[in-house]
Amino acid sequence: MDSNLVEDWVQHVLLPFIRPPAGVARSKTLLVLDSYRGHLTDTVRGLLRWHRITPAIIPGGCAPLLQPLDVCVNRSFKAGVRTHYNGWFVDEGIEFLTTAGSLRKPPLELVLRWIAAAWEAVPEDIIIKSFKTCGISNATDGTEDHLILAHMQDGAQVEVHDDVHAAGDVEEWINPLYVTGD
């Protein structure tokens, strides 16, 4: 991925998504990004500024604490995709090896259906919680400040992600965030 791909994503994915109906003025947009160098080029920053999109850059190493998807969503989403993959791999009885002995890839269309199904299974309240936990969409009057990084309070060992574990050990496939107090 490079800045050209980021620019293309802004033009063809983000802008159509945030475009309001005809005759309605669009308010400013906040875009939370990690510190990947392709997000930080002058061209990308200029494109965002031109379209009234304010970038909020998460410092390197802080995504597991400040990026909403990393904090609450990715684990259950990835576990859902993995469950579909395991079902395909085990239950379908498909020939999985190429003539060279390598594992055969599932068809792209099937993987896209798994992704869609796994995303649909993520509860909306978990997504909302992830943004509030990271302090991105909290009430500006301070009444929701207690939700910010609530998963790290009291020094207790708390699993950040709300999810249902898929059958099998998904921890080896993904890197869940655990906070351990002493």
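What you see is a predicted model; the values in this text were computed from it and never measured.
Residues Val6 and Gly38 approach most closely at CG2-O, 3.8 Å, considering heavy atoms. When all heavy atoms of Lys132 and Glu144 are compared, the closest pair comes out as NZ-OE1, 2.9 Å. Between Val122 and Ser76 the shortest heavy-atom distance is CG2-OG, 4.2 Å. Nearest heavy atoms, Ile58 versus Ala63: CG2-N, 3.7 Å. When all heavy atoms of Asn74 and Asp70 are compared, the closest pair comes out as ND2-OD1, 2.8 Å. Nearest heavy-atom pair, Cys134 versus Val71, reported as atom, atom and distance to 0.1 Å: SG-CG2, 3.5 Å.
Within the 4.5 Å cutoff, the side chain of Trp114 has heavy atoms near those of the Pro106 side chain. Ile136 has its side chain within reach of Pro68: a pair of non-hydrogen atoms, C-beta onward, lies under 4.5 Å apart. Residues Glu7 and Thr43 form a side-chain contact, since some pair of their non-hydrogen atoms from C-beta on lies under 4.5 Å apart. Taking 4.5 Å as the limit, some side-chain heavy atom of Ile126 sits within range of a side-chain heavy atom of Val73. No side-chain heavy atom of Thr54 sits less than 4.5 Å from a side-chain heavy atom of Leu31. Considering only heavy atoms from C-beta on, Ile53 comes within 4.5 Å of Leu15 through its side chain.
Of the inter-residue distances, the one linking Trp9 atom CH2 with His39 atom NE2 reads 8.0 Å to the nearest 0.5 angstrom. The CG atom of Asp42 lies 8.0 Å from the CZ atom of Arg49; values are rounded to the nearest 0.5 Å. Atom CD in Gln67 sits 11.5 Å away from atom SG in Cys62 (nearest 0.5 Å). Considering CD1 of Ile57 and CG of Leu33, their distance stands at 4.5 Å, rounded to 0.5 Å. With rounding to the nearest 0.5 Å, the separation of CD1 in Ile18 from NZ in Lys28 is 13.0 Å.
Hydrophobic clustering of Ile, Leu, Val, Met, Phe, Trp and Tyr side chains at less than 4.5 Å, counting indirect connections, keeps Val10 apart from Trp50. Under the 4.5 Å side-chain contact rule for hydrophobic residues, Val13 and Leu48 share a cluster. In the hydrophobic clustering of ILVMFWY residues, with side-chain heavy atoms under 4.5 Å counting as a link, Leu69 and Ile128 come out apart. Cluster membership for Phe17 and Leu47, using ILVMFWY side-chain heavy atoms within less than 4.5 angstrom, is shared.
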Next item on the list: Take Ile127 and Trp119, measure what side-chain contact (heavy atoms from CB on, under 4.5 Å) needs, and give me the verdict at the end.
Entry: CA-CA 11 Å; Ile127 297 168; Trp119 183 251; 3.7 Å; yes
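The number of heavy atoms from other shown groups lying within 6.0 Å of CG (Asp125) is above 12.
Judged by distance alone, with hydrogens and angles left aside, the side-chain atoms of His84 form no donor-acceptor pair with the main-chain N or O of Val111 at under 3.5 Å. Panel note: side chain Thr133, backbone Ser130; no donor-acceptor pair is recorded below 3.5 Å.
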